[in-house]
Number of protein chains: 2
Amino acid sequence: MSRLLKQQQALLPAPAHELAEQMAEAGYKVTQPRLAVLRAAVALDKAFTVHELEQWLLERNESPGIASIFRTVKLLCDLELFQRIHGLEDCHRYSISGGHAHHLICVSCGALKSFDNCGLRDLITTLEQQTGYHINDHVLELFGHCPRCLTV
Amino acid sequence: MSRLLKQQQALLPAPAHELAEQMAEAGYKVTQPRLAVLRAAVALDKAFTVHELEQWLLERNESPGIASIFRTVKLLCDLELFQRIHGLEDCHRYSISGGHAHHLICVSCGALKSFDNCGLRDLITTLEQQTGYHINDHVLELFGHCPRCLTV
DNA sequence: GGTAGTGTTGATACAATATCTCAATATATG
DNA sequence: CATATATTGAGATATTGTATCAACACTACC
Ligand SMILES: [Zn+2]
Ligand SMILES: [Zn+2]
Ligand SMILES: [Zn+2]
Ligand SMILES: [Zn+2]
């Protein structure tokens with residue numbers, strides 16, 4: 001990693017720093033376009049679209065090419081550092097949250113809470129017995145309004 | 001409705017017939033393009049993409065314009081006769097299932113079982129208390145392998 | 001039966017999201 | 001620093017749709 005990037009990285013808020021480290025550990029280079037995407041994702045602090053990432057970066061004149069933004073988001077999803085969220089209307093949002101997390105998403109402002117324990121084991125067992133299917137994955141996302149949007 | 005369409009409709013398998021009736025009750029005309037989409041959806045008997053609908057229809061030389069296929073699928077989703085299914089990778093599948101159904105989908109062949117009772121009420125109540133969010137919608141889809149694909 | 005009014009269609013243009021190609025560039029390593 | 005490799009960015013392409021609009025098809029009324 002170049003000296004420049006080391007300096008920049010030291011200034012990052014902890015989450016982006018950690019994400020960058022995990023990219024490096026996985027054998028990927030921590031480049032400026034990738035760092036920029038991490039910074040944007042951390043700063044947005046919600047369930048974001050690629051377009052929102054791009055806008056955040058454009059406003060700060062540090063936007064990589066759109067292809068690199070998409071590539072970075074995809075890479076981070078593959079590394080399970082980002083997660084793709086299937087929404088009600090658009091199904092093109094992403095969040096910083098690894099592995100098997102579910103989300104509670106404000107449909108008004110995009111604010112997001114993650115949780116792990118979805119308590120679907122009983123349902124899944126019952127359905128497997130009833131249908132003969134083997135279930136090995138699921139999507140669960142909840143939508144509503146966050147406390148702040150409720151008071152406005 | 002013309003005599004021709006009445007005759008055709010009488011030959012349809014029951015589900016397409018019922019769907020057509022519900023379209024008519026909602027004030028929409030039961031036209032040949034729309035009937036073709038219904039027939040394709042019933043025949044496919046799984047979670048289908050618009051492309052799969054089009055292929056099925058093209059193979060039988062009765063495909064309406066692609067715009068009409070999309071329009072019909074959208075209309076049927078709005079009428080809650082079809083449902084859009086958010087998949088793991090692609091989120092562009094549809095099924096014949098109204099209202100608040102969830103699905104158990106074979107990732108190998110697309111075979112699909114629907115169910116209503118998702119038993120999320122307790123989880124939702126707990127999360128609302130913990131977070132202050134008001135939850136008013138959710139997406140839940142299960143993925144795995146159907147009995148047939150398990151034996152192959 | 002003709003005519004006006006409305007809903008529907010299909011071809012095409014357009015849009016949004018995302019991937020592919022490939023020459024140019026940046027990065028990590030020795 | 002030199003080298004090998006990974007990555008980037010511009011633009012073409014793909015996929016999944018939606019918007020436009022003239023032509024068409026029912027419907028109701030005359
Ligand atoms: Zn989706
Ligand atoms: Zn909110
Ligand atoms: Zn199967
Ligand atoms: Zn449910």
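Sequence lines set the chain letters: A, B, ... in the order given, protein chains first and strands last, and positions in each chain run from 1.
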Exercise. Would you check if the distance from the ring center of B:Y133 to the ring center of A:F143 is below 6.0 Å?
Key: no

Exercise. Measure from the side-chain heavy atoms of A:P33 and tell me the nearest of D:dG17, D:dT8, C:dA18.
Key: D:dT8

Quiz item: Rounded to whole angstroms, how far apart are CD on A:E52 and C1' on C:dA16?
Solution: 14 Å

Self-check item: Rounded interatomic separation in angstrom, taking CD from B:E54 and P from D:dT16
Solution: 11 Å

Practice problem: Output the single nucleotide from D:dG11, D:dT8, C:dT17 whose closest atom is nearest the side chain of A:A67. | Solution: D:dG11

Self-check item: Among C:dA18, D:dA10, D:dT8, the one nearest A:V50 by side-chain distance
Solution: C:dA18

Quiz item: CD1 of A:I66 versus P of C:dA16: gap in Å, rounded?
Solution: 12 Å

Quiz item: Can you tell me how far P of D:dA10 sits from CD1 of A:I69, to the nearest Å?
Solution: 11 Å

Self-check item: For atom CZ of A:F48 and atom C1' of C:dT17, their distance in whole Å
Solution: 15 Å

Exercise. State which of D:dG17, D:dT7, C:dT9 makes the closest approach to the side chain of B:T31.
Key: C:dT9

Quiz item: Pick the nucleotide of DNA chain C nearest each of A:T49 and B:S68; which residue has the one closer to the 5' end?
Solution: B:S68

Quiz item: From the list C:dT8, C:dT27, D:dT18, which nucleotide is the closest neighbour of the side chain of B:Y28?
Solution: C:dT8

Self-check item: Whichever of B:R71 and B:R93 has its nearest DNA chain D nucleotide further upstream toward 5'
Solution: B:R93

Practice problem: Would you indicate which nucleotide in D:dT18, C:dG10, C:dT19 comes nearest to any side-chain atom of B:K74? | Solution: D:dT18

Quiz item: CG of A:L53 versus C1' of C:dA16: gap in Å, rounded?
Solution: 16 Å

Exercise. Starting at atom CD of A:E25, determine the distance to atom C1' of C:dA28, rounded to an integer number of angstrom.
Key: 16 Å

Self-check item: Side-chain heavy-atom pair B:T49, B:Y94 within 4.5 angstrom cut-off
Solution: no

Quiz item: Which residues pass the side chain to side chain contact (heavy atoms under 4.5 Å, CB included) test with B:R71, sequence neighbours left out?
Solution: B:A67, B:S68

Quiz item: OP1 or OP2 of D:dT16 less than 4.0 angstrom from a side-chain nitrogen or oxygen of B:H51, does that happen here?
Solution: no

Pairs of donor and acceptor atoms involving the side chains of residues 97-114 of chain B, under 3.5 Å and at least two apart or interchain, shall be tabulated with distances.
from   : atom 1 : to     : atom 2 : distance (Å)
B:S97  : OG     : B:Q83  : OE1    : 3.0
B:S97  : OG     : B:S95  : OG     : 2.7
B:S97  : OG     : B:H103 : NE2    : 2.9
B:H100 : NE2    : B:H102 : NE2    : 2.9
B:H100 : NE2    : B:H138 : NE2    : 3.0
B:H102 : ND1    : B:L140 : O      : 3.0
B:H102 : NE2    : B:H138 : NE2    : 3.2
B:H103 : ND1    : B:E141 : OE1    : 3.0
B:H103 : ND1    : B:E141 : OE2    : 3.4
B:H103 : NE2    : B:S95  : OG     : 3.2

Quiz item: D:dT18, C:dG10, C:dA18: which one has an atom nearest the side-chain heavy atoms of B:F70?
Solution: D:dT18

Self-check item: OP1 or OP2 of C:dA18 under 4.0 Å from side-chain N/O of A:Y94
Solution: yes

Quiz item: Looking at side-chain heavy atoms only, is the closest gap between B:L38 and B:L76 below 4.5 Å?
Solution: yes

Practice problem: From the options D:dG17, C:dT8, C:dT27, select the nucleotide whose nearest atom is closest to the side chain of B:R84. | Solution: D:dG17

Self-check item: Distance in angstrom units between B:L75 CG and D:dT18 C1', rounded
Solution: 15 Å

